[in-house]
J.: 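Before anything else, here's the structure in question.
Keep in mind that what you see is a predicted model, and the values were worked out from it rather than measured. To find a chain, count down the sequence lines: A is the first, B the second, and so on, and within it residues start at 1. Heavy atoms only: backbone and side chains are in, while hydrogens, waters and symmetry mates are out.
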Number of protein chains: 2
Amino acid sequence: MSNPPTIKEIAKRLNISPSTVSRALHDHPSIGLRTKMRVHQLAKELSYEPNQTAIFFQQRKTYTLGVIMPSLSEAFFSSAISGIEDAANKNRYSVLMGQSHDDEQREKQIVETMKNHRVDGIIVSISKNTVNYDHFEMLKKYNIPIVFFDRIPKLPNIHYVACDMEAGTIQLVNHLLKDGHKVIGMINGPEKLYASQQRLDGYIKALGKKPLKFDPSLIATTDLTCEGNFQATQQLLSAKRKVTAIVAFNDYVALDAIKYAREKKIKINQDVTFVSYANLPISSYTDFPPAITVDQFPYLQGQKATEILLELLEKGDKEQEETTYYKIIVESKLIFP
Amino acid sequence: MSNPPTIKEIAKRLNISPSTVSRALHDHPSIGLRTKMRVHQLAKELSYEPNQTAIFFQQRKTYTLGVIMPSLSEAFFSSAISGIEDAANKNRYSVLMGQSHDDEQREKQIVETMKNHRVDGIIVSISKNTVNYDHFEMLKKYNIPIVFFDRIPKLPNIHYVACDMEAGTIQLVNHLLKDGHKVIGMINGPEKLYASQQRLDGYIKALGKKPLKFDPSLIATTDLTCEGNFQATQQLLSAKRKVTAIVAFNDYVALDAIKYAREKKIKINQDVTFVSYANLPISSYTDFPPAITVDQFPYLQGQKATEILLELLEKGDKEQEETTYYKIIVESKLIFP
DNA sequence: ACGGTTTACTCAAACGTTTGCATAGCCTGA
DNA sequence: TCAGGCTATGCAAACGTTTGAGTAAACCGT
């Protein structure tokens, strides 16, 4: 017999029924000690291992979590994934991965595949270009819970984990104000990104309280390309009111902005203070890092999202109708490189 | 009926047998056109979807690849993973992920989990601390092919994809020699790493041809921590023979080395030229990037590894005993940031 | 009209495990 | 002694799909 040993096999050899073997292996109380021992003994001898696919099939549960991210190689997401994997692994779950490349079709296809694989739950950071959420709504019918991560769709009754970038931005801007900055510019990301909105809202709220109201000409947007970043920087630096600080959308944008500013002979963090978001490892290697960066703790967020998903899975079995939705906000923190 | 529709369900409603339905759905030639239509029709109406777990179970195939990396968040690996996922996705395979954190036990456990999940094949970059390869050998019994990636164990008869860092190093050193450098130091990684050996071998071979033979005092090793990097740099800079170029183990090491050198008022890439490996995105943001960096194309390597694994899977079904082993070497390339 | 092929379908087993229910044997207490 | 209650086990169905083997009916040419 070259095939791996099965419960049936063990049963036959011991002249008992498969059900007894199954129960013996699970230490079921109604199985005699003697039989239990014999079963365990033989199982070890044959180095029996349960066929998980059979169990998945039978139990309608795969102990697998689906994770869908726009990109697997981007630092923020890969940190998150690392946190997810660690948390999942600790709870004996496996992780099935997919990357959407910010393509709605691909995202749909991945969701489909994961549904077919019967993952128990899904963590997803939606694609920038996804405008239709049917593929996520559909999962409800299949009883597959979703935890949205970082990029959150505008849907009612969803679970999510994200960083409150509005609050983070308020903190950040307040810090700048306290340091005496009066004219603070912002290089924001594409308007339709939720992340951009949050930053903008925080920026406005923080400034709104102060006499020097919000000035739209101090907001530039970038498409996140290098050229876009330069252009936005140029726009801010040539504004009528001289900015003394610039809030950049993230560290990459900040570094480009700094690069541009240096070419214009501006003294970084003296003439103009640059602050941003992310806390990439880069910062410690560059000579002119942003003065402050808002860390979003992607690893922690990933962990948190996983824990929530696992909780949902546990609950799902017991109380079918659970109407409280997790809306977890991880606090960001100002880092001074 | 709240449960998802099954083949049986369709069969019952149409008063035909499940086998007919199954074959109809697969466009089996022996099913009448009329019946086929009726089946497809009803399947669509009920929005039938095959239960993959049942199929996995029945076919002993999961269309899933296992990927084990030391870390999911490190740039090199996450790029590789991105390549793997893209290649797998294109071939309708899913990817199950695990990170070993360079821990042998965890690696073993992940292999175990993946075997239980009945992944069809595995791509693995082994942990630094793995000294025993039984868990990989064991997979042969289960007919699960492995493709080793980048970090390759010393085992006979294995498939692997890696970058020939020896050749890359030879190229790199030759380039330095051509530029007139006479005394070239090296900051190498931990000796037991294969990656370190390759770099060393390349270094020696490149220098061996020249009159200025290989000088052991020009080799420092680092444990890859920041302090280790500084220390190694110090060692090289204070060597009796004044080095005019330093080959660093990777970009991170190089950046630390450069940082240290700058503190010692050394003019980067003038007094001493720094070169390294990786081509991290960092390089373009830092003021003093390594003058040359050897790109290993992790994304491409990941793709390649996946393609090989898929080929193995196809072959495995037909010719059980295939004795040719893939040893794919991806060529590295010198990049001048 | 009859042997033989083709067409279109059914049957039943198989994949490996779990689990509700049945039951045989034994013990216990009144 | 017997009802009742354990203890240890077996039976069989179920999960959903695929597939080899079998077969009834229709069709063919002669």
Side-chain angles (χ1 to χ4, degrees), chain A residues 1-40 42-43 46-64 115-120 142-143 317, chain B residues 1-40 42-43 46-64 115-120 142-143 317:
Chain A
M1 208 97 23
S2 77
N3 284 16
T6 69
I7 281 193
K8 285 185 187 176
E9 179 70 16
I10 296 182
K12 201 178 290 174
R13 296 217 198 188
L14 257 38
N15 253 321
I16 55 181
S17 90
S19 42
T20 304
V21 176
S22 171
R23 284 192 249 255
L25 290 171
H26 287 76
D27 265 331
H28 192 285
S30 83
I31 300 298
L33 189 57
R34 212 185 124 56
T35 320
K36 250 183 217 176
M37 305 256 291
R38 294 208 308 149
V39 169
H40 278 111
L42 185 57
L46 300 180
S47 69
Y48 162 79
E49 310 203 24
N51 181 334
Q52 286 288 2
T53 60
I55 297 175
F56 292 161
F57 170 47
Q58 211 266 146
Q59 311 230 300
R60 288 116 172 276
K61 183 142 169 54
T62 58
Y63 296 93
T64 302
K115 185 197 63 195
N116 286 344
H117 270 257
R118 294 293 204 271
V119 296
D120 296 335
Y142 292 84
N143 238 321
D317 296 347
Chain B
M1 210 95 23
S2 76
N3 285 17
T6 70
I7 281 194
K8 285 184 186 176
E9 179 69 18
I10 297 181
K12 200 178 293 173
R13 296 215 197 189
L14 256 39
N15 253 321
I16 54 182
S17 91
S19 40
T20 305
V21 176
S22 171
R23 285 192 246 256
L25 290 171
H26 287 79
D27 265 333
H28 192 284
S30 84
I31 300 298
L33 189 57
R34 213 186 123 59
T35 320
K36 250 183 216 175
M37 305 256 291
R38 293 207 308 149
V39 169
H40 277 112
L42 184 56
L46 300 181
S47 69
Y48 163 80
E49 309 202 26
N51 181 334
Q52 287 289 2
T53 60
I55 297 175
F56 292 161
F57 170 47
Q58 211 267 147
Q59 311 229 303
R60 291 116 169 271
K61 183 144 169 54
T62 58
Y63 296 94
T64 302
K115 184 198 64 195
N116 285 343
H117 269 258
R118 296 291 205 271
V119 296
D120 296 334
Y142 293 84
N143 236 322
D317 296 346

J.: Nearest whole angstrom, please: distance from the P of C:dT19 to the CD1 of A:I7.
T.: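 Going from A:I7 (CD1) to C:dT19 (P), I get 11 Å.
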J.: In whole angstroms, how far is the P atom of C:dT17 from the CG atom of A:L25?
T.: 9 Å
J.: What is the distance from CD of A:Q58 to P of C:dT17, rounded to the nearest Å?
T.: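 Going from A:Q58 (CD) to C:dT17 (P), I get 11 Å.
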J.: Would you kindly give the CG-to-P distance between A:D27 and D:dA8, to the nearest whole Å?
T.: 13 Å
J.: Under 4.0 Å between a side-chain N or O of A:T20 and OP1 or OP2 of D:dT9?
T.: no
J.: Starting at the 5' end of DNA chain C, which residue's closest nucleotide do you reach first, B:I16 or A:T6?
T.: B:I16
J.: Indicate the atoms forming the closest heavy-atom contact of A:R13 with A:L42, along with that distance.
T.: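 Shortest heavy-atom separation between A:R13 and A:L42 comes out as CB-CD2, 3.8 Å.
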J.: Can you check whether any acceptor in the base of C:dC11 is under 3.5 Å from a donor in the side chain of B:S19, or vice versa?
T.: yes
J.: Would you say the side chain of B:R23 and the base of C:dT10 hold a donor-acceptor pair, judged only by whether the two atoms sit under 3.5 Å apart?
T.: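 In this structure, the two groups form a donor-acceptor pair.
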J.: For the base of C:dT17 and the side-chain ring of A:F57, does the geometry meet a stacking cutoff of under 5.5 Å between centres and under 30° between planes?
T.: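 Stacking between A:F57 and C:dT17: absent.
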J.: Looking at every strand, decide which applies to A:T53 at a 4.0 Å heavy-atom threshold: base, sugar-phosphate, or nothing.
T.: nothing
J.: With heavy atoms under 4.0 Å as the rule, sort A:S22 into base, sugar-phosphate or nothing.
T.: base
J.: With the side chain of B:R60 defined as its heavy atoms from C-beta on, choose the nearest nucleotide among C:dG16, C:dT10, C:dT17.
T.: C:dG16
J.: Nearest whole angstrom, please: distance from the C1' of D:dC6 to the CD1 of A:I31.
T.: 15 Å
J.: Check for a donor-acceptor pair, side chain of A:H28 on one end and backbone N or O of A:S30 on the other, with a separation under 3.5 Å.
T.: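 Yes; judged by distance alone, with no hydrogens or angles, the pair exists.
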J.: Rounded to the Å, how far apart are B:R118 CZ and C:dC15 P?
T.: 13 Å
J.: Just by distance, do the side chain of A:T62 and the backbone of A:R118 share a donor-acceptor pair under 3.5 Å?
T.: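 Checked: pair present.
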J.: Heavy atoms from C-beta onward define the side chain here; which of C:dG16, D:dT17, D:dT9 lies closest to that of A:T35?
T.: D:dT9
J.: Expressed in angstrom and rounded to an integer, what is the separation of B:Y63 atom OH from D:dT17 atom C1'?
T.: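 Atom-to-atom, B:Y63 to D:dT17, this comes out as 13 Å.
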J.: Shortest non-hydrogen contact from B:A54 to A:F57?
T.: CB-CE1, 3.4 Å
J.: Let's see if you can work this out: which of C:dG16, D:dT18, D:dG10 has an atom nearest to the side-chain heavy atoms of A:K8?
T.: C:dG16
J.: Regarding A:Y48, tell me which of base, sugar-phosphate or nothing describes its non-hydrogen contacts under 4.0 Å with the strands shown.
T.: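 Answer is sugar-phosphate: A:Y48 comes under 4.0 Å of backbone atoms only.
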J.: Which nucleotide sits closest to the side chain of B:Q59: C:dT17, C:dC15, D:dT19?
T.: D:dT19
J.: D:dA8 P sits how many Å from A:R38 CZ, rounded?
T.: 14 Å
J.: Quick check on the 6.0 Å ring-centre criterion: do B:Y63 and A:H117 meet it?
T.: no
